[in-house]
Asker: 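My structure is below; once you've seen it, I'll send some questions.
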2 protein chains.
Amino acid sequence: MQHQKLATIEDVAAIAGVSIATVSRAINEPTKVADETRRRVTEAIAQTGYTTNAMARSLRMRRSNMILILAPDVGDPNFSNILVGLETEASKRSYGVLIGNTQNDPAREADYLRFISSNRADGLILFTGHLPYGYGNDAGESRLPPMVAVNEPVSNSDVPFVGVDNFEGSRIAAEHLISQGHRRIAFIGRSTSKAVNILREKGYRAALEGHGITIDPRLISDGDGTTESGRAATEHMFVRDVLPTAFLCVNDVTALGVIIALTARRYELPRQFSVMGFDDITFASFVSPSLTTMKQPRLKIGEEAMDLLLALLEGKSVARKQVLLRSELIVRNSVGQVSRS
Amino acid sequence: MQHQKLATIEDVAAIAGVSIATVSRAINEPTKVADETRRRVTEAIAQTGYTTNAMARSLRMRRSNMILILAPDVGDPNFSNILVGLETEASKRSYGVLIGNTQNDPAREADYLRFISSNRADGLILFTGHLPYGYGNDAGESRLPPMVAVNEPVSNSDVPFVGVDNFEGSRIAAEHLISQGHRRIAFIGRSTSKAVNILREKGYRAALEGHGITIDPRLISDGDGTTESGRAATEHMFVRDVLPTAFLCVNDVTALGVIIALTARRYELPRQFSVMGFDDITFASFVSPSLTTMKQPRLKIGEEAMDLLLALLEGKSVARKQVLLRSELIVRNSVGQVSRS
DNA sequence: ATGTTTGATGTAAAGGTTTACACAGCTGGA
DNA sequence: TCCAGCTGTGTAAACCTTTACATCAAACAT
């Protein structure tokens, strides 16, 4: 009962009174078949409810029309909206989208690579910030398929990247704080390994230096981008008693941790301290105080990335190997004029 | 350069000095081939880096080992964690997971159904709360594949459902408010169409009735589960001047709207009003006041749903067509003792 | 009238598996 | 000695397309 034998191209051909080659052409290259014949075929298709078997087609054409999305964490607040963009563009061009949630587990990444080598996916979108593990160690030197990185560039490689201009965005964010009179500005979320963090720190430095503000290294704090890291970094500054008037955070999630720490110490925001995030994730507008931040055009990022990947896939030589979009300053209530101290 | 001709089963067979049938058996039914032969085949596979071509296999076996997930909105805060569960279980059983973001657009749903009829997916996970549009209107009466609903049951159908016991959970939530001395309890988010809302309202009613509290219909407010609906409903109650001491909301997103409305009116929570949510979405612990709510075991829901679907797919007769998991009361700071008024 | 081009269609191969069936050799029982 | 059953392997069909090549008729040019 499971399989009631779907109609094949042969059934259609029989009904229309033509050969299967003609049916195939009527579907894929309509101009190459006579009007009258095409009409008969179309009718036969409607009559049988025929759909072309994607497996047979993929087998023959050596192409699955599927894209694999490799993400370390599907729960990442940046993920879902980029995914919508990716999916929208893919489906518009009749590609399907496969999800691989790797949790940064090398075994799982290697596992998912087999979707490529077994022809189940033609291309790869990388959220991971690194090339998949397990690449090229099987004999046969498995070639990597066309790829595009998103969210985080792939460190030392020439994998095309689509994302926000993190340096520029962070510079704008810092400028905003400076424009509110802040001079002692902390940067929360320094990292030596994550490209995004590095760029955002550079933007911060550029802005301060551009305004002749000397950077106090004690105001730069390591962090891995989690809420807890933001909270801990803030606490640490209080313990050491080296305090800024404003916190520029590597992302919104970190900023949330900073807000939690400050609120716990009963400070009033933004009167006593200003906090700035980056990303504009969903809850940024719901926190109290609502978060001033830089908005990533996530939908657009997804669309552009998929567009680039499909271009690569279709063999078009692609001019730009890097698409940097602008982030937008969203002013809410977590940043204020510097308080006279 | 794209395709350097991958090794096929034939190459392996040649190297191992056996027929392709034997190679296939060595891979899929190892016990059926002699130890020595199997060793040679394994070696040949390693040597060539052979991976079986999934398209050819699927074509032959009439099975893609792919599951299609149909979701109206990938950004739904309940979605991502359930997805992780679904994906984890699927990948454990070596199924792949395809994402279909439909935005409730009938055309897109119908479009995705073609993944089924073209054999690109064997089964369906429904987040949508309804059967996909475009089912069965093509001639040939396209049979629906094995399906499991998640997040929201599929109204009037016998599609198996995996989720939380909404009635019971809501009853527990209401009981909690009652235990804090509340008698005038509002229910925000009534709906006549959404099964989840209906069940949660029933749980609310059951709890109140069980404690001999007569229900004031003016305290039951329609809502579609958005933040804005929660805000508007609350405002409306102030305008009519019919006020509860506690708000039981159909979900956390709605509760957030209620909190926003109350905070805007400068009420102090939970001293003056109590607010209770449902779902325990990520930001529930970050709102101020942090939200008391019922936690959905989302990971588990995903895993159970996929497990059920795969069982269905493999033809096992499944005992339970409905898996109801318990939700857990999470006490935070948005609910307090009723204030003497 | 002959040769050439064009357009529409058909024939058959190829794509890479799985698996029913056949076969060969061997074991063990009668 | 013969037969039955078992084990391990091979042959070939089937799964459903796409497409190179062949064919044929009609149109056109010479």
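The figures here come from the full heavy-atom set of this structure, side chains too, leaving out hydrogens, waters and symmetry mates. By convention in this document, chain letters (A, B, ...) are assigned in the order of the sequence lines, proteins followed by strands, and residues within each chain are numbered from 1.
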Asker: Please identify which of these residues, B:V41, B:V12, B:D11, meets the side chain to side chain contact (heavy atoms under 4.5 Å, CB included) condition with B:Y50.
Answerer: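 The passing option is B:V12.
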
Asker: In whole angstrom, what separates A:R120's CZ from C:dG16's P?
Answerer: 17 Å

Asker: Give me the atom names and distance for the closest heavy-atom approach of B:I99 to B:F79.
Answerer: CD1-CZ, 4.0 Å

Asker: If the threshold is 4.0 Å, N to carboxylate O, is there a salt bridge linking B:E43 and B:R40?
Answerer: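 Salt bridge between B:E43 and B:R40, a charged N being under 4.0 Å from a carboxylate O: no.
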
Asker: Under the side chain to side chain contact (heavy atoms under 4.5 Å, CB included) rule, collect the residues that match up with B:T128, sequence neighbours excluded.
Answerer: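 Testing B:T128 for side chain to side chain contact (heavy atoms under 4.5 Å, CB included), a comparison that skips the adjacent residues, returns B:P72, B:T102, B:E109, B:L126, B:H130.
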
Asker: Rounded off to whole Å, could you give me the CG-to-C1' distance for the A:D11 and D:dC16 pair?
Answerer: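 It is 11 Å, rounded to the nearest whole Å.
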
Asker: Can you name the one residue among B:I301, B:D307, B:N151 that meets side chain to side chain contact (heavy atoms under 4.5 Å, CB included) with B:V162?
Answerer: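 Passing option: B:I301.
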
Asker: Report the residues that fulfil side chain to side chain contact (heavy atoms under 4.5 Å, CB included) with A:D105, sequence neighbours left out, ordered by chain and then residue number.
Answerer: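 For A:D105, the residues satisfying side chain to side chain contact (heavy atoms under 4.5 Å, CB included) (neighbours in sequence not counted) are A:A107, A:R108.
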
Asker: Take B:M306 and B:R93 through the side-chain contact (heavy atoms from CB on, under 4.5 Å) test and state the conclusion after the steps.
Answerer: CA-CA 10 Å; B:M306 187 55 76; B:R93 318 253 293 254; over 6 Å; no

Asker: In Å, rounded to the nearest 0.5 Å, how long is the span from CG of A:D122 to CD of A:E314?
Answerer: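 The distance works out to 10.0 Å.
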
Asker: So, B:N28 and B:R57: side-chain donor and acceptor under 3.5 Å apart, yes or no?
Answerer: yes

Asker: To the nearest Å, how far apart are A:I27 CD1 and D:dT18 P?
Answerer: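 Nearest whole value for this atom pair: 7 Å.
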
Asker: In this structure, how many angstroms lie between the P atom of D:dT18 and the CD atom of A:E29, rounded?
Answerer: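 Answer to the nearest Å: 9 Å.
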
Asker: Heavy atom of residues 53-60 of chain B under 4.0 Å from DNA chain C: which residues?
Answerer: B:N53, B:A56, B:R57, B:R60

Asker: Provide, to the nearest angstrom, the distance between the CD1 atom belonging to B:I9 and the C1' atom belonging to D:dT11.
Answerer: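 Taking CD1 of B:I9 and C1' of D:dT11, I get 14 Å after rounding.
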
Asker: Could you check how far CE of B:M61 sits from P of C:dT17, rounded to whole Å?
Answerer: 13 Å

Asker: Could you go through A:K300 and A:E303, starting from their C-alpha distance and side-chain angles, then the distance that decides it, and tell me whether this counts as salt bridge (Lys or Arg N to Asp or Glu O under 4.0 Å)?
Answerer: CA-CA 5 Å; A:K300 178 108 175 160; A:E303 288 171 355; over 6 Å; no

Asker: In B/S/- notation, 5' to 3', how is nucleotides 5-10 of chain C contacted by protein heavy atoms closer than 4.0 Å?
Answerer: ---SBB

Asker: If I take atom CZ in residue B:R63 and atom C1' in nucleotide C:dT18, what distance separates them, rounded to the nearest angstrom?
Answerer: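 It works out to 14 Å between those atoms.
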
Asker: Side-chain N or O of B:S24 versus OP1/OP2 of C:dT18: is the shortest distance under 4.0 Å?
Answerer: yes

Asker: Please enumerate all residues that pass side chain to side chain contact (heavy atoms under 4.5 Å, CB included) together with B:P153, with sequence neighbours excluded.
Answerer: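 Partners of B:P153 under the side chain to side chain contact (heavy atoms under 4.5 Å, CB included) test: B:F161, B:A195, B:V196.
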
Asker: If you fit an axis to the five pairs at each end of the helix from C:dA1-D:dT30 to C:dA30-D:dT1, how big is the angle between those two axes, to 10 degrees?
Answerer: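 It comes to 60° between the two terminal axes.
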
Asker: Using a cut-off of 4.0 Å on non-hydrogen atoms, how would the nucleic acid contact of B:T51 be classed: base, sugar-phosphate, or nothing?
Answerer: sugar-phosphate

